[in-house]
> 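First the structure, then my questions, so here it is.
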Amino acid sequence: MIAIAIDGPAGAGKSTMARAAAAALGFIYVDTGALYRAVGLHMLEKGIVPRDADAVKQELGNVQVSLEFQQGEQHVFLCGKDVSQEIRTPEVSMAASAVSAIPEVRAFLFDLQKNMAKTHSVIMDGRDIGTVVLPQAQVKIFLTASDEERANRRYRELLEKGKAPSYEEVLSDLRKRDYDDSHRAAAPLKPAEDAVLVDTTGMSLEESIEKILAVIRQKLSDKTKEIN
Ligand code: DC
């Protein structure tokens, strides 16, 4: 099995890049943020404040999260219900970030992520894939872009979905989430020591995908040479 880890801050284009690369290589694309989002959504539905670690931990026993792949697309299920669309709101983004700082939540989702990579060649994106979940990954990429460019992408995505937040709100939410994700004690967002840093500021989508694929191909061919 081959494992490729793509980590980076919110809105860096991880899911777009990972999906495109997975299609090109015939791997499964696993979006781990969706798992944290499902847990965050569950807490919101139960009226639990996602930052209230004690309440979240207590409720965790009632949470069932699973992944299914339909025509290569990941679907995330919360207690048997497909919530793949519902988890894509700014409220759930913030709730996911809050619950993800709780070590018990990370432990709860760990095996599910790890097991995916045991049974399939995967491209997995998240915040701690190269550092914690798949430290043995053959390729690790840390993907980023300027705050403004990432906020702008998120802002346009939300507008396309018919939502109308202000750009300033999107930018400040994104900065808060990055700050919290990078400064938490449990598995903070940071590049693995052996990650390749890719900054896509100013690059088009096609250029970014080409760059990611070039990094992956190079790394995989280096690994093959190492083995032979
Ligand atoms: O990638 P995303 O925006 O869907 O992730 C939502 C939140 O989940 C993010 O703010 C932090 C958390 N997360 C994490 O802590 N570890 C991961 N591997 C993926 C996401």
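Atoms within a ligand are numbered from 1 in the order they appear, just like the ligands themselves.
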> Could you list the residues that satisfy side-chain hydrogen bond (donor to acceptor under 3.5 Å, both in side chains) with K161, not counting sequence neighbours?
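Applying side-chain hydrogen bond (donor to acceptor under 3.5 Å, both in side chains) to K161 gives none.
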> Should the pair H120 and F69 be assigned to parallel (<30°), tilted (30 to 60°) or perpendicular (>60°) ring geometry?
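Ring orientation, 0 to 90° scale: tilted.
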> With no hydrogens and no angle check, do the side chains of N62 and E59 hold a donor and an acceptor under 3.5 Å apart?
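Distance-only check passes for N62 and E59.
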> Report the C-alpha separation of K190 and F142 in whole Å, then their side-chain angles, then the decisive distance to 0.1 Å, and conclude whether the side-chain contact (heavy atoms from CB on, under 4.5 Å) test is met.
CA-CA 8 Å; K190 65 168 183 208; F142 194 85; 5.6 Å; no
> What do you reckon, is CD of Q136 surrounded by more than 12 foreign heavy atoms closer than 6.0 Å?
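Correct, the count exceeds 12.
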> Please check if the number of heavy atoms outside K114 that lie under 6.0 Å from its NZ is greater than 12.
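Correct, the count exceeds 12.
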> Residue by residue, ordered by chain and number, which ones reach under 4.0 Å of ligand 1 with a heavy atom?
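For ligand 1, the residues that come within the 4.0 Å heavy-atom cutoff are T32, G33, Y36, R37, A96, S97, S100, R106, G126, R127, D128, I129, R177, D181, R184.
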